[in-house]
**Student:** 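Quick one: this structure, given as structure tokens, is what I'll be asking you about.
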Amino acid sequence: MRVSRLMLVTLRDDPAEAEITSHKLLLRAGYMRRLAPGIFAYLPLLFRVLQKISAIVREEMASVDALETLLPQLQPADLWRRSGRWDGYTAGEGIMFHLIDRQDRALGLGPTHEEVVTELAADLLRSYRQLPVCLYQIQTKFRDEIRPRFGLMRGREFIMKDAYSFHADEACLRRTYAAMDGAYRRIFARCGLRAVAVEADSGAIGGSASQEFMVTAEAGEDLILASPDGCYAANQERAVSLPAPALPLEADAARSLATPAQKSIEELCAAHGFHPTQTLKVLLLVARFAVAAPRAVLVSLRGDQQLNDVKLANAVTTLSPEAGALLEITPLGAEHLAGDGLAVPFGYLGPHLEDPPLGGAERLPMLRLADSSAAELGAFVCGANRPDEHLVGARWGELCPLPQVVDLRAAQPGDRCLHDPTQRLEAARGIEVGHIFQLGRKYSEALEARFTNEAGSEEPLWMGCYGIGVSRLAQAAVEQHHDADGIRWPVAIAPYTVIIVIASSQDPVQVGLAERLYGQLLQAGIDTLLDDRPERAGVKFKDADLIGIPWRLVVGRAAAEGRVELVDRSGDSGKQELTVEAALDALLGLQGEGP
RNA sequence: CGGGGCGUGGCGCAGCUUGGUAGCGCGGGUGCUUUGGGAGCACUAGGUCGCAGGUUCGAAUCCUGUCGCCCCGACCA
């Protein structure tokens, strides 16, 4: 392609709308334009990158026998009601764009395709003889993100590869999951990305085992906790660890202690010399559901620990099976309390708090949970449920029964690891580019996708699902591969492999040689750009650096002597002046090289 | 939604405090010069100052309302 015909518009200044480097570079280098928040036009250069990524994805999907399909984006609400996800995905902070058609039917714009594909499977897959099957598509997804951000990192419309597998038994699901794990590792490696696999929360998708693939980058939205020995890595949402040992509290019997204006653990400890591990942190929250009335939740943690919201939401969901989708959990404030419920002594809560008078007719008893860090305390300091008063030396069983024990604490960098307490968790930031799940039978049961097994009886299909954010991956690659001058695409996903720069388009010798090389490279099947614009050399060099084509072939003054300059932008071999033949050989040799 | 900020030629910004009818850099066009790291000079085109109302002889500037966008938190590929 000739750059003069490429519709290339590069920007000299950073656009005001962009915050992180990769976003700025993609805009500056003419790869994309924003149409509305979280909605982007992929310009020709970026489209080529997406095509290259897609080609790699297709090859690796083929290697695990996945079949490419294209599923509807406009999806009937009824289907989502049957899986139980309509409310959670549309009400509250739900992320599904939805609409009413002229017949008054509700439809959603697909944020993911479990429902559609399961419906299809229910229709087509009837016998164990047809299994396993894996379908995938590369398609635009729609999500009404609470806050679109960072360009392609969190768009409201983005390209995703999503795959779904169906199995006759769990062992088969595990095998496919493992094969996908391998395919994913190959995909990211072939795209030239440094990616790590981490244990993950399965979130709104559901299911049991799940693993995320993170491109490590400072701009990443996720916090990864990993052990230095490489045996353990997890998203902080999911990570487990050993808390620091608690200091035992010397106390015979529980006594009360006046603690005026000491509402925080810090104030309490500072005033009386307690260690935070001797105290109990009691949090009062309220969970809102799609079906049931709001329910109060009382959480006990050891005073030095932090609550992990994701773990809490998961626990509340499993412990409230009849309540419908969990919409949100927020700290309980006076506004949630009925009538004179202002009596709740915030800042002085103890685990023996009576059920607060929530608004709403039919109310469930308060859900009482304790993290194991709290449950394992012998004697502790906690709020007395009266203003300006704490209890010292309270014990589970004496003060109140031990609540249900669940893992609720947030693991922190520096915590000891479960698999080896001498290992301590280290933090890194990551961009989630892939996520694989063992869904189990969640969707097949809900949508009655059954097959006949070998014994002749019907049972729900076992399912897995596997996503890659294709457009996000493109930007993650830029985040990981750039320098002060611009993008440095990994060769495998660069929009073009070579850019020939004619230093002076007025020199017929240079133009002639450049045209000849251009023709030869194209003939050899190498994706080549020819910068034939009547610009000064400096402009063309700057643009070439900015758009990040891996190899730059400069046809300049030395053209008359049959010499050209070859610049390695994505590797580190720098620049070298070569004869035309040597340069051509070097570039043609790239074809044979693996990624 | 809560908190913070910003809306002025295509892009990046100044002007607003102290009202007097819009400016700078980049980009676009034409010409001459220049020609290996975002050239110089000259000329030129291009703006309802987000929108609506108000105050005023007069509003980009002051007031009210409204819309949009960006950043920090809850979401995820």
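To find a chain, count down the sequence lines: A is the first, B the second, and so on, and within it residues start at 1.
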**Student:** On RNA chain B, compare the nucleotides closest to A/Leu11 and A/Arg536; which residue's is nearer the 5' end?
**Tutor:**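 Nearer the 5' end of the strand: A/Arg536.
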**Student:** In this structure, how many angstroms lie between the P atom of B/C69 and the CZ atom of A/Arg33, rounded?
**Tutor:**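 Nearest whole value for this atom pair: 17 Å.
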**Student:** Can a donor-acceptor pair under 3.5 Å be found between the side-chain atoms of A/Arg143 and the base atoms of B/C76?
**Tutor:**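 For A/Arg143, whose side chain was compared with the base of B/C76, there is no donor-acceptor pair (under 3.5 Å).
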**Student:** How would you label the contact of A/Gly434 with the nucleic acid (heavy atoms, under 4.0 Å): base, sugar-phosphate, or nothing?
**Tutor:**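 A/Gly434: backbone/sugar contact only, no base atoms under 4.0 Å.
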**Student:** Rounded to the nearest angstrom, tell me the gap between atom CZ in A/Phe150 and atom C1' in B/C76.
**Tutor:**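 Going from A/Phe150 (CZ) to B/C76 (C1'), I get 13 Å.
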**Student:** Please report, rounded to the nearest Å, how far the P atom of B/C76 is from the CZ atom of A/Arg238.
**Tutor:**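 After rounding, the reported distance stands at 15 Å.
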**Student:** Is A/Asp14 side chain donor-acceptor paired with the B/G12 base, going by distance under 3.5 Å alone?
**Tutor:**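 Not at all, since no donor on one side and acceptor on the other fall under 3.5 Å apart.
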**Student:** Base, sugar-phosphate, or nothing: which does A/Pro111 touch, judged by heavy atoms less than 4.0 Å apart?
**Tutor:**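 Answer is nothing: A/Pro111 stays at 4.0 Å or more from every strand.
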**Student:** Rounded to whole angstroms, how far apart are CG on A/Asp543 and P on B/C26?
**Tutor:**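 It works out to 17 Å between those atoms.
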**Student:** Ion pair present between A/Asp543 and A/Arg533, side-chain N to carboxylate O less than 4.0 angstrom?
**Tutor:**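 Salt bridge flag = yes for A/Arg533 with A/Asp543.
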**Student:** Hey, is the side chain of A/Arg557 poking within less than 4.0 Å of OP1 or OP2 on B/G36, counting only N and O atoms?
**Tutor:**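 Yes.
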**Student:** Using only modelled atom types and a 3.5 angstrom limit, is any donor from either the side chain of A/Arg552 or the base of B/G37 paired with an acceptor on the other?
**Tutor:**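 Checked by distance alone, the answer is yes.
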**Student:** Taking 5.5 Å and 30° as the limits, would you call A/Phe158 and the base of B/A77 a stacked pair?
**Tutor:**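 Given the distance and angle limits, yes, they stack.
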**Student:** Please check: side-chain N/O of A/Gln73 versus main-chain N/O of A/Thr140, any donor-acceptor pairing under 3.5 Å?
**Tutor:**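 Here the side-chain-to-backbone pair exists.
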**Student:** For a quick check of understanding: with a heavy-atom distance under 4.0 Å over all strands, which category does A/Val470 fall into, base, sugar-phosphate or nothing?
**Tutor:**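 No contact at all - A/Val470 keeps every heavy atom at 4.0 Å or more from the nucleic acid.
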**Student:** Indicate whether OP1 or OP2 belonging to B/A74 is found under 4.0 Å from a side-chain N or O atom of A/Arg147.
**Tutor:**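 No.
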**Student:** To the nearest angstrom, how far is A/Asp144 atom CG from B/C1 atom P?
**Tutor:**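 Distance check: A/Asp144 CG to B/C1 P gives 12 Å.
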**Student:** Are OP1 or OP2 of B/C76 and a side-chain N or O of A/Arg154 less than 4.0 angstrom apart?
**Tutor:**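 Result: no.
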